[in-house]
Protein chains: 4
Amino acid sequence: MTKKENILQAAARLFARQGFDGTTTLQIASEAGVTEPLIYYHFTGKDEVFTSILKAGFDKYWVRIKALENLSGGAFSRVEKLISTHFSVVDEMPAEAFLIISACPAKLNDPDHLCRKIVEKQQKWISGYLRRCIKDGIASGEFVPMPIAPTVDTLSALINGTMRRRVLRLEQSKTTKEACIAFCKRALCA
Amino acid sequence: MTKKENILQAAARLFARQGFDGTTTLQIASEAGVTEPLIYYHFTGKDEVFTSILKAGFDKYWVRIKALENLSGGAFSRVEKLISTHFSVVDEMPAEAFLIISACPAKLNDPDHLCRKIVEKQQKWISGYLRRCIKDGIASGEFVPMPIAPTVDTLSALINGTMRRRVLRLEQSKTTKEACIAFCKRALCA
Amino acid sequence: MTKKENILQAAARLFARQGFDGTTTLQIASEAGVTEPLIYYHFTGKDEVFTSILKAGFDKYWVRIKALENLSGGAFSRVEKLISTHFSVVDEMPAEAFLIISACPAKLNDPDHLCRKIVEKQQKWISGYLRRCIKDGIASGEFVPMPIAPTVDTLSALINGTMRRRVLRLEQSKTTKEACIAFCKRALCA
Amino acid sequence: MTKKENILQAAARLFARQGFDGTTTLQIASEAGVTEPLIYYHFTGKDEVFTSILKAGFDKYWVRIKALENLSGGAFSRVEKLISTHFSVVDEMPAEAFLIISACPAKLNDPDHLCRKIVEKQQKWISGYLRRCIKDGIASGEFVPMPIAPTVDTLSALINGTMRRRVLRLEQSKTTKEACIAFCKRALCA
DNA sequence: GATGAATGAGTGTTCATTCAT
DNA sequence: TATGAATGAACACTCATTCAT
């Protein structure tokens with residue numbers, strides 16, 4: 001593993017545990033087994049390290065998400081896939097998920113920051129995906145009639161909240177995923 | 001308004017906009033129209049200022065929530081009340097809601113910090129409330145049969161995610177509240 | 001006891017335990033059961049509190065010392081009296097003794113500060129007293145011949161070191177006083 | 001000279017002149033011709049700077065003292081060596097001597113602080129050395145009979161007080177050293 | 001006499017970042 | 001690539017002191 005990768009891994013661990021502001025460049029360097037200036041050789045600064053990690057994490061996530069686009073099958077099975085994918089994502093990349101969800105609250109207020117842009121891009125994509133599912137479902141009679149936009153909001157919120165609770169380890173049951181899907185099925189399907 | 005209240009208000013504004021670490025005591029003092037040492041006369045430090053605001057916000061929220069405890073009526077109407085109360089809370093105290101949800105990510109990892117304790121207390125209460133509603137609903141035949149614990153997780157996540165999206169202004173529809181309630185009704189009721 | 005006396009007592013305790021710089025006016029006020037501004041009502045500032053204590057301690061000491069001036073008796077018995085008086089002083093007013101010996105090191109460098117002046121006055125008086133004793137002793141044949149000035153220095157140092165060790169609780173024997181006197185007797189007497 | 005050494009020298013000068021609490025890190029940096037943060041690059045803080053100086057001074061002193069251990073010769077000549085070594089030490093390293101004696105009064109009260117430990121170590125070694133001398137001297141008949149422990153206290157006090165007076169420039173004679181040794185000879189020798 | 005509220009001037013310390021090599 | 005040394009700019013916090021009452 002290159003030293004650059006060392007830096008990224010160490011930083012990811014530390015950002016996830018302590019947040020962006022709570023992590024110093026010295027800690028990152030120590031944890032990575034390098035000296036501080038090397039961080040500035042490979043990155044423009046602490047912020048770019050953070051952004052790189054975020055971007056890498058998001059890219060991995062994005063690949064998973066994009067794979068859903070060409071899915072065939074019924075409307076609900078596509079909703080179900082979206083939900084179960086998000087459960088998997090948290091399990092497979094908890095540090096990155098924590099970062100996106102929790103490490104940069106102040107940056108979320110800055111409309112120009114990558115952090116905000118990532119969240120918006122993700123939300124937009126999920127909204128589009130869900131909108132299409134729901135439209136199709138209603139059209140085909142698989143779903144009961146319902147207003148589309150606010151239902152998209154509701155499902156987005158459910159996914160968002162589920163990830164957050166899972167990342168923060170607030171969940172109390174082991175079968176939340178199945179119950180969540182069943183819950184949505186009853187809410188959506190005719 | 002006393003200078004102490006000035007400090008609290010200024011700090012609340014700044015913490016909400018910039019996060020805890022992004023806000024300096026000098027900024028708080030300036031914004032409040034006082035000198036820095038006065039912060040230390042009225043509070044033990046920056047952390048206590050934050051904690052005071054958090055606690056005050058949570059207390060207001062807690063009053064609203066506790067009022068639901070003695071609610072009579074059907075199981076779903078009690079669930080509905082819980083949901084709509086949370087929508088109202090975000091609208092009525094957005095700064096405080098933002099603080100609880102987003103300003104102290106690192107503190108959420110510290111099990112001894114008030115921040116974490118508040119979240120846990122809130123989650124615990126909501127879980128208990130929902131558990132009772134669902135049990136009652138199933139027993140009376142108002143709800144379809146369903147596993148209780150994971151459904152509680154699901155509903156908690158929905159509320160959590162809804163608040164978060166609303167606080168971060170990610171919602172896209174004006175009728176999300178109604179759709180959310182209708183969604184749950186279909187998911188729960190027989 | 002008046003509040004002014006309370007302040008002085010509290011301050012004396014704290015200065016002895018923590019030194020001048022290590023003691024805050026707030027600590028003094030708390031320990032004295034008053035508020036800080038009262039200190040400034042009764043004294044011009046922290047320095048005057050310290051100076052007052054020092055002066056009071058020194059005055060008590062001075063009375064004891066001055067009483068030796070009119071002592072009749074042999075040369076050595078007067079030296080002995082001086083030594084045993086200093087042992088008593090440490091035992092009877094340890095806090096004040098500690099203050100003079102140890103609480104204001106930086107102030108000892110300032111020739112204008114009371115602290116330095118007190119030490120000089122004390123040293124001067126002791127020197128004068130010892131000089132007279134030794135002169136008389138040599139003249140009367142009670143003492144062996146010896147150079148006066150450096151012997152005065154030596155005896156002063158012995159008294160100084162003895163007080164210091166006693167104040168700092170470095171002494172290891174219970175009969176140091178007697179041995180010290182016997183030591184001097186052998187060194188001085190014919 | 002390296003900048004680290006600059007810092008140590010500047011700090012030593014300032015601590016000796018103004019005491020520990022009276023010296024600021026900014027003063028040290030200015031006097032050393034460096035910026036404040038460099039102090040924190042080379043040391044963990046102001047306290048470690050002080051401790052380093054103290055330790056270095058004590059180490060130099062300790063070498064001188066330890067050299068006395070293997071001294072051959074009569075009991076009194078060994079006592080004499082101890083005394084004259086202490087006179088030399090003050091003359092050769094007055095700043096360090098002042099530090100040990102006078103710059104950290106509050107720290108002397110803290111049993112865990114290096115300051116106290118150094119004083120105790122020194123006192124212990126001197127006590128042991130003197131005890132052996134006196135025992136030997138009495139056994140060989142070179143010294144008059146006398147109680148050992150309190151005489152050790154007395155000689156320790158004499159050395160202590162002599163150093164202190166010399167450091168604080170309270171001595172009045174140029175031949176104090178010789179008189180002090182002669183004084184002890186009369187007190188000890190048969 | 002006595003105090004609650006307030007402050008000017010610092011204090012030790014930290015940290016992201018840079019420079020010389 | 002890589003680092004030891006160094007720093008500008010800030011930071012949370014403290015303290016002796018004062019003011020209005």
Side-chain angles (χ1 to χ4, degrees), chain A residues 2-4 6-7 11 20-29 32-50, chain B residues 2-4 6-7 11 20-29 32-50, chain C residues 2-4 6-7 11 20-29 32-50, chain D residues 2-4 6-7 11 20-29 32-50:
Chain A
T2 68
K3 293 203 175 181
K4 185 172 179 180
N6 273 339
I7 292 170
F20 179 81
D21 290 311
T23 301
T24 71
T25 50
L26 186 59
Q27 286 177 326
I28 295 172
V34 300
T35 54
E36 269 183 296
L38 195 62
I39 296 174
Y40 291 86
Y41 179 79
H42 286 299
F43 305 92
T44 59
K46 184 181 166 187
D47 218 81
E48 207 204 41
V49 175
F50 182 74
Chain B
T2 69
K3 294 203 176 182
K4 184 172 180 181
N6 273 340
I7 292 170
F20 179 81
D21 290 312
T23 301
T24 72
T25 50
L26 188 58
Q27 286 177 327
I28 296 172
V34 301
T35 54
E36 252 186 308
L38 194 61
I39 296 174
Y40 295 87
Y41 178 74
H42 287 299
F43 304 92
T44 56
K46 185 181 165 186
D47 216 81
E48 207 202 46
V49 175
F50 182 75
Chain C
T2 69
K3 294 203 173 179
K4 185 172 180 179
N6 273 339
I7 292 170
F20 179 80
D21 290 310
T23 301
T24 72
T25 50
L26 187 59
Q27 286 176 324
I28 296 172
V34 303
T35 53
E36 269 184 296
L38 195 61
I39 296 174
Y40 292 86
Y41 180 80
H42 287 299
F43 304 91
T44 59
K46 183 181 166 186
D47 218 82
E48 208 203 44
V49 175
F50 182 74
Chain D
T2 69
K3 293 204 176 180
K4 184 172 180 180
N6 273 339
I7 292 171
F20 179 81
D21 290 311
T23 301
T24 71
T25 49
L26 188 59
Q27 286 177 328
I28 296 172
V34 301
T35 53
E36 257 186 306
L38 194 62
I39 296 174
Y40 294 88
Y41 178 75
H42 288 298
F43 305 91
T44 57
K46 184 181 166 185
D47 215 80
E48 207 203 46
V49 175
F50 182 75

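What you see below is based on every heavy atom in this structure, not just the backbone, and it leaves out hydrogens, waters and symmetry mates. By convention in this document, chain letters (A, B, ...) are assigned in the order of the sequence lines, proteins followed by strands, and residues within each chain are numbered from 1.
For the OP1/OP2 pair of E:dC15 and a distance below 4.0 Å, the side-chain nitrogens and oxygens of A:Thr24 include no atom meeting the criterion.
In DNA chain F, runs of at least 3 consecutive Watson-Crick or G-U pairs, each pair with both distances below 3.5 Å, span E:2-21 with F:2-21.
Residue contacts shown for B:Thr2 are absent, as no nucleic acid heavy atom lies under 4.0 Å away.
At least one donor-acceptor pair closer than 3.5 Å links the side chain of C:Lys46 to the backbone N or O of C:Phe20.
Between C:Ile39 atom CD1 and F:dA16 atom P there is a gap of 9 Å when expressed in whole angstrom units. Taking atom CD of D:Glu36 as the reference point, atom P of F:dA10 lies 15 Å away to the nearest angstrom. If you take CD1 of C:Ile28 and C1' of F:dC15, they are 12 Å apart, rounded to a whole angstrom. Residue C:Leu26 contributes atom CG, which lies 14 Å from atom C1' of E:dA6 at whole-angstrom precision.
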Pull out every protein N or O sitting under 3.5 Å from an N or O of nucleotides 19-21 of chain E, one pair per line with the distance.
none

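Taking the nucleotide of DNA chain F with the nearest heavy atom to each of B:Thr23 and A:Lys4, the more 5' of the two is matched to A:Lys4. Mapped onto DNA chain E by nearest heavy atom, B:Lys3 and D:Phe20 fall at different nucleotides, with B:Lys3 at the one closer to the 5' end. Two residues, B:Val34 and A:Thr25, neighbour DNA chain E, and the one matched to the more 5' nucleotide by heavy-atom proximity is B:Val34.
Not counting sequence neighbours, the partners of D:Asp21 by the side-chain contact (heavy atoms from CB on, under 4.5 Å) test are C:Asp21. A search for side-chain contact (heavy atoms from CB on, under 4.5 Å) contacts involving C:Thr44 returns C:Glu48, not counting sequence neighbours.
The side chain of A:Leu38 sits closest to F:dA2 out of F:dA2, E:dT13, F:dA12. Comparing F:dT7, E:dG4, E:dT13 by their nearest atom to the side chain of C:Thr35 picks out E:dG4.
A distance of 12.5 Å separates CG in D:Asn6 from CD1 in D:Ile28, rounded to the nearest 0.5 Å.
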Atom pairs and distances, donor-acceptor, side-chain atoms in residues 33-43 of chain B, under 3.5 Å, two or more places apart:
| from | atom 1 | to | atom 2 | distance (Å) |
| --- | --- | --- | --- | --- |
| B:Glu36 | OE2 | B:Thr25 | OG1 | 2.6 |

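For residues 40-49 of chain B, proximity to DNA chain F is found at B:Tyr40, B:Gly45, B:Lys46, defined as any non-hydrogen atom under 4.0 angstrom from a strand atom.
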